[in-house]
Amino acid sequence: MVAPAGPAGDDPLRVVLEHRARGTSRDRGGARPARHVPRARARRHGAGGAGGARADRPVRAREGSALSAPTLAPRFDPGPIEARWQRAWEEHGAFRAPERPTGPTFAMVLPPPNVTGVLTLGHALGDTVMDAFVRQARMRGLATLWVPGVDHAGLATQVEVRRRLAREGVRFESLDREAKREALVRWKEEFEPRILAQIRAGGFSVDWSRYRYTLDAGSVHATRLAFERLYQAGLVYRGERLVNWDPKLRSAVSDLEVEHREEDGELIVARYRWADGGEAGLDVATVRPETIFGDVAVAVHPEDERHRAAIGRTVLVPIVDRPVPVIGDAAVDPAFGAGALKITPRHDLVDREIFLRHPELAEPGEIFDDDARLTGPSVPAEFQGLDRAAARARAIDALAVQGRLVRREPYRHSVARSERSDEVIEPRMSVQWFLRMGPLAAPVIEGVRRGEVRLHPERWSRTFFRWMEGIQDWCLSRQSVWGHPIPAFYCEECGTLAVGPEAPTSCPKCQAVRFRADPDVFDTWFTSWMWPFAALGWPERTGDLAHYYPTQLLVTGRDIMFFWVARMMMAGYWFTGAAPFSDVYFTGMMRDEQGRRMSKHLGNSPDPAALVRERGADTLRFALLFPNPSDEDGAFSTAALDGARNFLTKLWNLVRFAVPQLPPGTPPPAGPPELGSAAPLADRWIVERYRQTVVEVDRSLAAFAPTGATTALHGFLWHDLADRYVEIAKEALSGRLGEPARRSAQATTLFVLERSLRLLHPFAPHVTEELWHALPHDGELLACAAWPSATEPPADPAAIAAMEPVLETIRLLRNVRAEERFPIGLNPRGYVRPGGAEAARVLASERGTITRLVRLSELEILGAGDAPPAHAASRVAPFGECFLERPPTGVGRSDALARERERLAELLAKARARLADPGFIARAPPEVVAEHRRKEAELAGRLATLDRHLEEAAT
RNA sequence: GGGCCGGUAGUCGAGCGGUGAAGAUGCCGCGCUUACAACGCGGAGGUCGGCGGUUCGAAUCCGCCCCGGCCCA
């Protein structure tokens with residue numbers, strides 16, 4: 001593979017830095033290349049009138065620039081094309097949002113990818129969807145802004161760095177804070193350029209001059225201010241709570257960062273003997289015997305007949321024989337184990353809740369350290385320092401030796417693991433910062449109810465509401481050096497807490513001047529939840545914030561609906577008083593060919609960067625949207641890539657064919673060709689099919705269903721335009737049908753092709769840009785050309801109806817040739833007997849087309865009384881009959897007629913059964929009844945004709 | 001345990017109350033053509049997961065069940 005030349009091969013960071021530098025001079029009027037999109041057109045599509053040529057768009061000299069029209073290579077090779085156009089777009093500032101837009105805007109933030117590594121196929125899907133929307137908006141003349149950025153990704157990055165250091169033999173935990181931070185910065189500096197290079201190689205139309213990073217100065221400012229405001233509003237608190245502790249990361253993680261998985265384990269039943277002696281006692285089932293040292297009680301259900309008498313008695317915790325009370329609590333499931341639950345309040349959420357309901361119980365001591373090794377005064381010497389697995393094994397042994405092990409059995413149960421490190425979570429009491437979410441969630445719930453934010457597909461709103469309504473407080477602090485330090489300071493003398501961007505000069509309580517900064521950092525999402533406005537400059541009152549906020553659309557995978565989308569909405573309403581975006585589009589999750597979710601763990605995710613290098617960005621992008629659904633989980637396969645490449649190659653060859661058909665100096669299509677009712681039918685037909693495609697593409701995108709758009713374009717361009725229209729039009733284009741026909745076909749071909757490239761551009765931007773420049777065109781870049789109007793060619797549904805018998809005749813006669821094995825070199829005589837005047841007229845006028853495409857020697861139109869030659873092969877269609885003269889040597893026979901008869905008979909029976917139902921006649925709408933009557937008559941007639949053909953064939 | 005989403009030709013999927021159920025890929029046959037074999041033409045392949053209900057009419061709406069997947073506990 002040849003490495004693409006130009007910017008894609010450059011160091012993207014340097015490019016970004018250049019953009020930043022240039023960005024400072026943005027206010028110089030005219031420094032930014034004009035985008036040449038008249039604002040008046042920004043209203044709605046279609047309303048703006050003319051779609052194509054704009055007199056107000058100057059055509060610059062093309063000599064020597066990247067914009068010069070290249071001759072198309074025989075073969076579609078995406079690499080060089082993509083590099084060239086990416087550079088051209090950038091040089092023209094095509095994606096640079098105006099500083100002071102005056103018309104409607106369309107803004108999005110790119111969900112900032114983590115600097116953990118390289119981008120995944122999931123990113124590629126989201127970026128592809130976003131680019132489709134933003135490019136369409138740009139072509140519609142809206143002032144568009146797509147803000148790129150990357151996320152420092154807190155603990156996720158730390159996990160990667162820790163892993164890499166471990167491979168080098170360095171234990172992350174052994175480093176001091178500064179060394180840790182350096183290692184993390186090194187990682188970021190290494191991966192950020194790679195990620196940016198990938199975004200660039202994909203051709204995504206982001207505005208690099210607005211590039212942001214979640215740890216840059218602006219983010220620091222925004223994060224600190226946000227925390228201070230929330231603290232002052234009384235929404236932030238610090239306290240000791242049971243948190244999800246990740247012993248590997250040595251940090252708390254939020255509920256959302258915990259995955260629950262079914263895993264095989266072991267259920268241990270241990271006997272807690274009565275304190276007053278004897279072998280008898282309560283049998284307690286547990287999967288965590290190593291936490292026995294933290295037990296403060298044994299709980300039974302108060303209504304449980306077996307155990308009611310035990311409440312109030314005392315049992316001995318095995319191994320250590322420490323006495324604890326038996327308590328009654330309704331949370332105990334009497335059906336689980338023997339109905340008795342050991343209570344370890346510092347290491348289990350349910351236990352904690354039970355504990356809090358029983359104030360008589362003493363607060364237990366801690367039994368685990370930060371690494372989840374046993375420690376503390378309640379742990380016997382031989383267990384000190386053991387990790388959980390070792391401690392569990394030893395505890396089971398100890399129980400057995402003591403004779404307290406009643407039973408052990410295999411047990412499958414749900415295990416909580418840290419999403420980041422995959423380590424088993426240890427619920428643990430810890431002092432952390434929390435954010436009260438209830439007050440933040442309320443306006444969001446109302447806002448979504450009022451329709452201020454719409455979710456697509458809409459069905460996700462139920463899941464969204466359920467989570468929002470049961471929202472839990474958010475643990476904001478992380479025990480890490482990678483992230484924004486929590487701006488909280490403690491007086492060295494009296495411990496008084498001060499929250500603010502800087503440490504106070506003196507303690508408000510004791511006037512001491514020495515302060516200790518909080519050692520923790522924020523959860524990475526505490527910065528990204530403000531991204532839609534923080535990335536636009538908040539809290540500064542920047543122009544971008546004024547012009548482009550709230551944004552219009554957010555596209556992301558629904559796996560981060562709660563992590564990110566919901567929280568962004570909360571931050572948006574709370575900090576800015578507005579929803580941060582009006583529409584949210586959730587993409588599905590990418591799956592592999594076996595339907596498995598793609599993950600690093602399985603190693604089944606192809607590297608999108610490699611795919612772009614090998615197959616091209618357009619190919620990958622089209623493969624992601626066609627034919628895969630984008631809002632359901634879609635399987636990704638090489639077959640999809642091949643399909644996309646084949647389609648783009650088809651398009652390539654289509655334009656390669658069309659260009660030489662146009663006379664030199666052909667001007668760009670100013671509008672649809674002049675096609676009166678006397679115009680060639682095929683020209684009218686393809687223009688109408690094009691118009692229908694515009695409608696379908698618009699409809700699909702407006703409905704947030706980009707797959708519908710690619711499906712419509714694929715079908716139209718390949719099957720209607722290339723396979724049918726061009727084949728038909730070749731005769732006219734040759735000039736053999738005369739100059740008017742030729743000019744009509746030329747104008748039609750050029751118009752439909754040029755406009756189709758515009759329609760396809762949001763989905764395959766590079767190749768369409770390349771092909772567009774090979775055609776007569778108006779304007780410098782397709783990326784900035786006007787979006788086609790669905791009203792520009794007037795609707796002409798009659799053309800579709802008229803074309804039907806022609807296309808069907810061609811298909812049926814070809815079918816006869818193939819099925820009955822007519823010799824290849826033989827061009828037989830064909831006959832059609834139209835069933836009506838309209839069909840007769842159309843078939844007569846299109847006789848040449850049919851003759852040519854079926855390769856007949858001649859096509860004869862038979863009157864009602866005319867007979868075809870004896871032993872002609874035949875087919876029966878709704879509009880009439882068609883025949884092919886068999887050669888004297890004879891040909892093969894097919895049972896096509898008999899099969900068709902059977903099929904029609906079934907349809908007729910169904911239609912008749914319907915019409916025989918009095919309920920149907922009485923209740924169905926009249927037009928439906930009429931349609932069935934028409935169908936019945938048509939089928940009956942056709943069946944009779946078919947029977948006659950079968951009889952003749954039998955003789 | 002609770003909830004959500006899906007089940008349409010071998011495979012992937014569109015359609016989501018009234019059309020004879022798109023399309024892609026794979027398969028079979030044939031390749032003579034003013035671009036394209038990464039292609040053209042023709043063809044075969046479906047009780048729309050199962051059962052019941054609502055309706056004049058169900059792939060489409062409702063209920064139950066089965067199977068996949070996801071989320072929450």
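Since the model is a prediction, treat every value here as computed from it, not as a measurement. We name chains A, B, ... by the order of the sequence lines, and we start the count at 1 in each one.
- As rounded to whole Å, 14 Å separates atom P of B/rG13 from atom CG of A/L625.
- Looking at which nucleotide of RNA chain B each of A/H719 and A/A722 is closest to, the 5′-most match is held by A/H719.
- Residue A/F657 places its side chain closer to B/rU34 than to any other of B/rG23, B/rU34, B/rG43.
- Of the N and O atoms on the side chains of A/E458 and A/S461, at least one donor lies less than 3.5 Å from an acceptor on the other residue.
- Distance from the side chain of A/R811 is smallest for B/rG42 among the nucleotides B/rA24, B/rG42, B/rU34.
- Only the P atoms considered, B/rU11 is 12 Å distant from B/rU47, to the nearest whole Å.
- Between the A/W652 side chain and the A/L72 main chain, no donor and acceptor come within less than 3.5 Å of each other.
- Nearest-nucleotide mapping onto RNA chain B: of A/G715 and A/D723, the residue sitting toward the 5' end is A/G715.
- Salt-bridge annotation for A/E727 and A/K730: present, with a side-chain N of the basic residue lying under 4.0 Å from a carboxylate O of the acidic one.
- A/L733 has its CG atom 12 Å from the P atom of B/rA35, to the nearest Å.
- By the salt bridge (Lys or Arg N to Asp or Glu O under 4.0 Å) test, A/R454 is found to be paired with A/D583, residues two or more places apart in sequence or in another chain being considered.
- Using a 4.0 Å heavy-atom distance criterion, A/E727 is classed as a base contact.
- Across all strands, A/R855 comes closer than 4.0 Å to base atoms (heavy-atom distances).
- For B/rG49 and B/rG6, the C1' atoms lie 11 Å apart once the distance is rounded to whole Å.
- Counting only Watson-Crick and G-U wobble pairs whose two key distances fall under 3.5 Å, RNA chain B forms stems of three or more stacked pairs at B:1-7 with B:66-72, B:10-12 with B:23-25, B:27-31 with B:39-43, B:49-53 with B:61-65.
- Across the P atoms, B/rG43 and B/rC51 are found 32 Å apart, a figure rounded to whole Å.
- Taking atom CG on A/L717 and atom P on B/rG23, their separation rounds to 16 Å, with Å as the unit.
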Grab the N/O contacts between the protein and nucleotides 18-21 of chain B below 3.5 Å, and write none if there aren't any.
from	atom 1	to	atom 2	distance (Å)
B/rG20	OP1	A/K935	NZ	2.4
B/rG20	OP2	A/K935	NZ	3.0
B/rG20	O6	A/E938	OE1	3.1
B/rG20	O6	A/R942	NH2	3.0
B/rG20	N1	A/R942	NH2	2.7
B/rG20	N2	A/R903	NH1	3.1
B/rG20	N2	A/R903	NH2	2.6
B/rG20	N3	A/R903	NH1	3.4

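- The aromatic rings of A/F704 and A/H456 sit parallel, their planes meeting at an angle under 30°, below the 60° perpendicular limit.
- Contact annotation: A/R817 does not reach the phosphate of B/rC32 (side-chain N/O to OP1 or OP2, under 4.0 Å).
- Ring orientation note: the planes of A/F622 and A/F626 are tilted relative to one another, at an angle of 30° to 60°.
- A/F879 is linked by a ring-ring contact (aromatic ring centres under 6.0 Å, His included) to nothing, counting only residues two or more places apart in sequence or in another chain.
- Dashed line: the shortest gap from a side-chain N or O of A/N815 to OP1 or OP2 of B/rG43 is under 4.0 Å.
- For A/F647 and A/H714, the ring centers are positioned less than 6.0 Å apart.
- For the pair A/R912 CZ and B/rG57 P, the interatomic distance rounds to 21 Å; values are reported in whole Å.
- Here A/R814 does not reach the OP1 or OP2 of B/rG43: none of its side-chain N or O atoms lies under 4.0 Å away.
- The separation between A/R742 atom CZ and B/rU34 atom P is 15 Å, rounded to whole Å.
- B/rG23 sits 15 Å from B/rG45 when the C1' atoms are compared, rounded to a whole Å.
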Every protein N/O lying under 3.5 Å from an N/O of nucleotides 25-30 of chain B:
from	atom 1	to	atom 2	distance (Å)
B/rG29	O2'	A/R821	NH1	2.9

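- In this structure, A/R736 reaches the bases: a heavy-atom distance under 4.0 Å links it to at least one base atom across the strands shown.
- Side-chain proximity of A/R466 to the nucleotides B/rG3, B/rG40, B/rA73 is greatest for B/rG3.
- When rounded to the nearest whole Å, the span between CD of A/E469 and C1' of B/rG2 equals 15 Å.
- Remark: the backbone N or O of A/A898 is not paired with any side-chain donor or acceptor of A/D895 at under 3.5 angstrom.
- At a cut-off of 3.5 angstrom, counting only N and O atoms as typed in the model, there is no donor on one side facing an acceptor on the other between the side-chain of A/E819 and the base of B/rA44.
- Rounded to a whole angstrom, the distance from the P atom of B/rG3 to that of B/rC64 is 10 Å.
- Here, B/rC48 and B/rC12 have their C1' atoms 15 Å apart, quoted to the whole Å.
- Between the side chain of A/D473 and the main chain of A/M437, a donor-acceptor pair closer than 3.5 Å is present.
- Spacing of C1' atoms, B/rG29 relative to B/rA44, comes out at 10 Å, to the nearest Å.
- Within the 4.0 angstrom heavy-atom criterion, no nucleotide atom of any strand lies near A/E906.
- Distance noted for atom P between B/rA22 and B/rG15: 14 Å (whole Å).
- Distances from the side chain of A/R656 to the nucleotides B/rC71, B/rA35, B/rA24 place B/rA35 closest.
- Going from atom CG of A/L651 over to atom P of B/rC36 covers 15 Å, rounded to whole Å.
- Comment: A/R829 engages A/E858 in a salt bridge, judged by a side-chain N to carboxylate O separation of less than 4.0 angstrom.
- For the pair A/H260 NE2 and B/rG2 P, the computed distance is 17 Å after rounding to whole Å.
- Considering only residues two or more places apart in sequence or on other chains, A/Y690 meets the side-chain hydrogen bond (donor to acceptor under 3.5 Å, both in side chains) condition with none of them.
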Evaluate the side chain to side chain contact (heavy atoms under 4.5 Å, CB included) criterion for residues A/T619 and A/L611: first the C-alpha distance (whole Å), next the side-chain angles of each, then the deciding distance (0.1 Å), finally the verdict. CA-CA 9 Å; A/T619 304; A/L611 292 176; over 6 Å; no
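- Salt-bridge formation is not detected for the pair A/E936/A/R914: no Lys NZ or Arg NE/NH1/NH2 atom is positioned less than 4.0 Å from an Asp or Glu carboxylate oxygen.
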